[in-house]
Novice: 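Pasting in a structure now, in structure tokens, and then I'll have a few things to ask.
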Amino acid sequence: MSMIEIRNVTKRYGAATVVDDVSMSVEKGSITAIVGTSGSGKSTLMRMINRLVPITEGQIFVNGHDVMTVPVTDLRRKIGYAIQGHGLFPHRTVAQNIATVPQLLGWETAAIDNRVEELLGLFNLDHATFAGKYPHELSGGQQQRVGVARALAAEPELLLMDEPFGALDPVIRGKAQDDLLAIQKQFGTTVLLVTHDMDEAFHLGNQIAVMSAGKLLQCSTPEKILTEPADPFVQQLTGTSDRALKLMSLLPLSGSMAPAKAGLSHVLPQSLSLRDALAEMIWQGAEEAAVQDAEKVPVGSISMTRLLELGRKA
Ligand code: ADP
Ligand code: MG
């Protein structure tokens, strides 16, 4: 059973159908990014999962349970929810904000304190400096990290994020995305994330769902979205000019290497994507480079000619 099963879900406000017969599933431990133009129904779809918005037609299952049959407070405590502009409680400290749901769940004080400390550490917020601060004393980026830490506090099996990084500048945004990826890996949390940033969707998503005017146009892997767009709108949204580079960013260097060779002066780690390998070779002015694994053992080689060939095919 998937973590989320959305079956023929429709939402109407009066005569307006804002979510139109959407079906999709989200596997446990994966990240799904929902993209689409403003007003296409992304937030509404997400809010029907934690019942902030009532479903007009259809069914949603979370971890096998129809959300309409689960008491709403139980449902929401199991689902973390992080929104743009963080939504922190202004009169509660950082530690108190993060502790909100564990407190509601009746965790013991020591367990709550441990969890607060662990999360602050994970988000690179020094406990001594930040635990006692109030939201207005933090930068936008710090507030956003506290918002996500709070959503994760009770170890939810599912995290819903509605444009969580929308207000952040590009550098902090990149950092916040990497934090999320690391934490998602560590806890195996299932994440459903709304974003209007296609690069963010491709960077984070194992699966991308494209919405337009209430309809789900396509829900598949980033590779498929790029190579087999189900609709002209999907193709337009992913852009045509940098499609080769986007696809290269999804492919690992380790999958395209030639055999190892002696005597190469430039070295690349095999963990790089083809796109990063290309960028690195341009930067180093390298025609050919040795590829090494994490232990610095040579495992292959790659040439500029080969990389450009791979990009053309992509
Ligand atoms: P998105 O998150 O993709 O930008 P939303 O899900 O917020 O889109 O909204 C989808 C559509 O539903 C919009 O046209 C919006 O105006 C409409 N809508 C959202 N909430 C309400 C509401 N409470 N009453 C009436 N219309 C609404
Ligand atoms: Mg929205």
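Atoms considered below: every heavy atom in the structure, side chains included; atoms not considered: hydrogens, waters and symmetry mates. Just so it is clear, the model here is predicted, and its values are computed rather than measured.
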Novice: So do M24 and V26 actually touch side chain to side chain, heavy atoms under 4.5 Å?
Specialist: yes

Novice: Would you check, one step at a time, whether the test side-chain contact (heavy atoms from CB on, under 4.5 Å) holds for D197 with F165?
Specialist: CA-CA 10 Å; D197 177 350; F165 309 132; over 6 Å; no

Novice: Using atom types as modelled and distance alone, determine if a side-chain donor or acceptor of R12 lies under 3.5 Å from a backbone N or O of A16.
Specialist: no

Novice: Could you walk me through whether M161 and L192 satisfy the side-chain contact (heavy atoms from CB on, under 4.5 Å) test, starting with their C-alpha distance in whole Å, then the side-chain angles of each, then the deciding distance to 0.1 Å, before giving a yes or no?
Specialist: CA-CA 6 Å; M161 307 179 92; L192 185 62; over 6 Å; no

Novice: Taking N50's backbone N and O only, do any of them form a donor-acceptor pair with R76's side chain (distance below 3.5 Å, no angle check)?
Specialist: yes

Novice: I'd like to know whether D231 forms a side-chain contact (heavy atoms from CB on, under 4.5 Å) with Q218, so could you lay out the CA-CA distance, the side-chain angles of the two residues, the decisive distance to 0.1 Å, and finally the verdict.
Specialist: CA-CA 8 Å; D231 184 283; Q218 188 168 8; 5.9 Å; no

Novice: Do L216 and V210 touch side chain to side chain, with heavy atoms closer than 4.5 Å?
Specialist: no

Novice: Closest approach of P269 and L253, non-hydrogen atoms and distance?
Specialist: O-CD2, 3.7 Å

Novice: Kindly give the heavy-atom pair with the smallest separation between G214 and V22, and that separation in Å.
Specialist: O-CG2, 3.6 Å

Novice: How long is the gap from CD1 on I55 to OG1 on T44, to the nearest 0.5 Å?
Specialist: 12.0 Å

Novice: Contact between L160 and V191 at the side-chain level, heavy atoms closer than 4.5 Å - yes or no?
Specialist: no

Novice: Please check this pair: side chain of R51 against backbone of V67, looking for a donor-acceptor N/O pair closer than 3.5 Å.
Specialist: yes

Novice: Of the non-hydrogen atoms in G29 and T190, which two are nearest, and what is the gap between them?
Specialist: N-OG1, 2.9 Å

Novice: Counting C-beta onward and ignoring hydrogens, is there a side-chain heavy-atom pair between L310 and L251 closer than 4.5 Å?
Specialist: no

Novice: Give a yes or no answer on whether the side chain of N97 reaches the backbone of F89 with a donor-acceptor pair at less than 3.5 Å.
Specialist: yes

Novice: Whether the D162 and S43 side chains hold a donor-acceptor pair (N or O, under 3.5 Å, no angle test) is what I'd like checked.
Specialist: yes

Novice: Can you tell me how far the OG atom of S301 sits from the CD atom of Q292, to the nearest 0.5 Å?
Specialist: 12.0 Å

Novice: Any chain of hydrophobic side-chain contacts (each under 4.5 Å) joining F123 to L181?
Specialist: yes

Novice: Keeping T100 on the side-chain end and Q96 on the backbone end, is there a donor-acceptor pair under 3.5 Å?
Specialist: yes

Novice: Classify the side-chain pair H196/E163 by whether it contains a donor and acceptor separated by less than 3.5 Å.
Specialist: yes

Novice: Give a yes or no on this: more than 12 heavy atoms of other residues, nucleotides or ligands lie within 6.0 Å of atom CD of Q103.
Specialist: yes

Novice: Identify the two heavy atoms, one from Q270 and one from D293, that lie closest to each other, and give their separation to 0.1 Å.
Specialist: NE2-CB, 3.4 Å

Novice: Check for me, please, whether M46 and V72 land in the same ILVMFWY cluster - side-chain distances under 4.5 Å, paths through other members count.
Specialist: no

Novice: Any chance you could measure L152, atom CG, to I98, atom CD1, to the nearest 0.5 Å?
Specialist: 10.0 Å

Novice: For E137 and Y134, indicate whether the former's side chain and the latter's backbone hold a donor-acceptor pair under 3.5 Å.
Specialist: yes

Novice: Are E57 and K11 ion-paired here, with the side-chain N under 4.0 Å from a carboxylate O?
Specialist: no

Novice: When you measure from the side chain of S23 to the backbone of N8, do you find a donor-acceptor pair of N or O atoms at a distance under 3.5 Å?
Specialist: yes

Novice: Are N63 and K78 close enough, and set up right, to give a side chain to side chain donor-acceptor pair (under 3.5 Å), and what steps lead you there?
Specialist: CA-CA 10 Å; N63 216 357; K78 283 191 194 131; over 6 Å; no

Novice: Is atom NZ of K185 surrounded by more than 12 heavy atoms (other residues, nucleotides or ligands) closer than 6.0 Å?
Specialist: no

Novice: In terms of hydrophobic clusters joined by side-chain contacts under 4.5 Å, are L272 and I282 together?
Specialist: yes

Novice: If you measure from CD on E200 to CG on L180, what distance do you get to the nearest 0.5 Å?
Specialist: 8.5 Å

Novice: Measuring from Q144:CD to L138:CG, what's the distance to the nearest 0.5 Å?
Specialist: 11.5 Å

Novice: To check you understand the geometry: which heavy-atom pair defines the closest contact between L193 and P164, and what is its length?
Specialist: CD1-CG, 3.6 Å

Novice: Does NZ or CZ of R145 come closer than 6.0 Å to the centre of the six-membered ring of F130, within 45° of the ring's axis?
Specialist: no

Novice: What is the minimum heavy-atom distance between L119 and A153, and which atoms define it?
Specialist: CD1-CA, 3.6 Å

Novice: Just verifying a value: how many Å separate L158 CG and I49 CD1, rounded to the nearest 0.5 Å?
Specialist: 7.0 Å

Novice: Between L308 and L278, is a side-chain contact (heavy atoms from CB on, under 4.5 Å) present by the stated rule, with each step listed?
Specialist: CA-CA 8 Å; L308 293 174; L278 181 63; 4.1 Å; yes

Novice: Answer yes if the side chains of H203 and D178 hold a donor-acceptor pair under 3.5 Å, and no otherwise.
Specialist: yes

Novice: Is there side-chain contact between L307 and I302, with heavy atoms separated by less than 4.5 Å?
Specialist: yes

Novice: Could you check T189 against Q184 for side chain to side chain donor-acceptor pair (under 3.5 Å), going step by step and ending with a plain yes or no?
Specialist: CA-CA 5 Å; T189 315; Q184 188 266 343; over 6 Å; no

Novice: Can any side-chain N or O of T37 pair as donor or acceptor with the backbone N or O of S40 at less than 3.5 Å?
Specialist: no

Novice: Output, in order, the C-alpha distance, side-chain angles, deciding distance and verdict of side chain to side chain donor-acceptor pair (under 3.5 Å) for Q207 and T32.
Specialist: CA-CA 5 Å; Q207 176 172 255; T32 295; 2.9 Å; yes

Novice: If only atom types and distance count, is the side chain of Q143 paired as donor or acceptor with the main-chain N or O of P135 below 3.5 Å?
Specialist: yes

Novice: Can you confirm whether L274 sits close enough to L250 that some side-chain heavy atom of one is under 4.5 Å from a side-chain heavy atom of the other?
Specialist: no

Novice: So E157 and M3, do their side chains get closer than 4.5 Å, heavy atoms only?
Specialist: yes

Novice: Quick check: does any side chain N or O of S2 sit under 3.5 Å from a backbone N or O of E5, one acting as donor and the other as acceptor?
Specialist: no

Novice: Check for me, please, whether V19 and M68 land in the same ILVMFWY cluster - side-chain distances under 4.5 Å, paths through other members count.
Specialist: yes

Novice: Checking R115 against F187: charged group under 6.0 Å from the ring centre and within 45 degrees of the axis?
Specialist: yes

Novice: So do the side chains of L104 and R77 get within less than 4.5 Å of each other, counting heavy atoms only?
Specialist: yes

Novice: Under a 4.5 Å side-chain heavy-atom rule over Ile, Leu, Val, Met, Phe, Trp and Tyr, are I4 and M1 clustered together?
Specialist: no

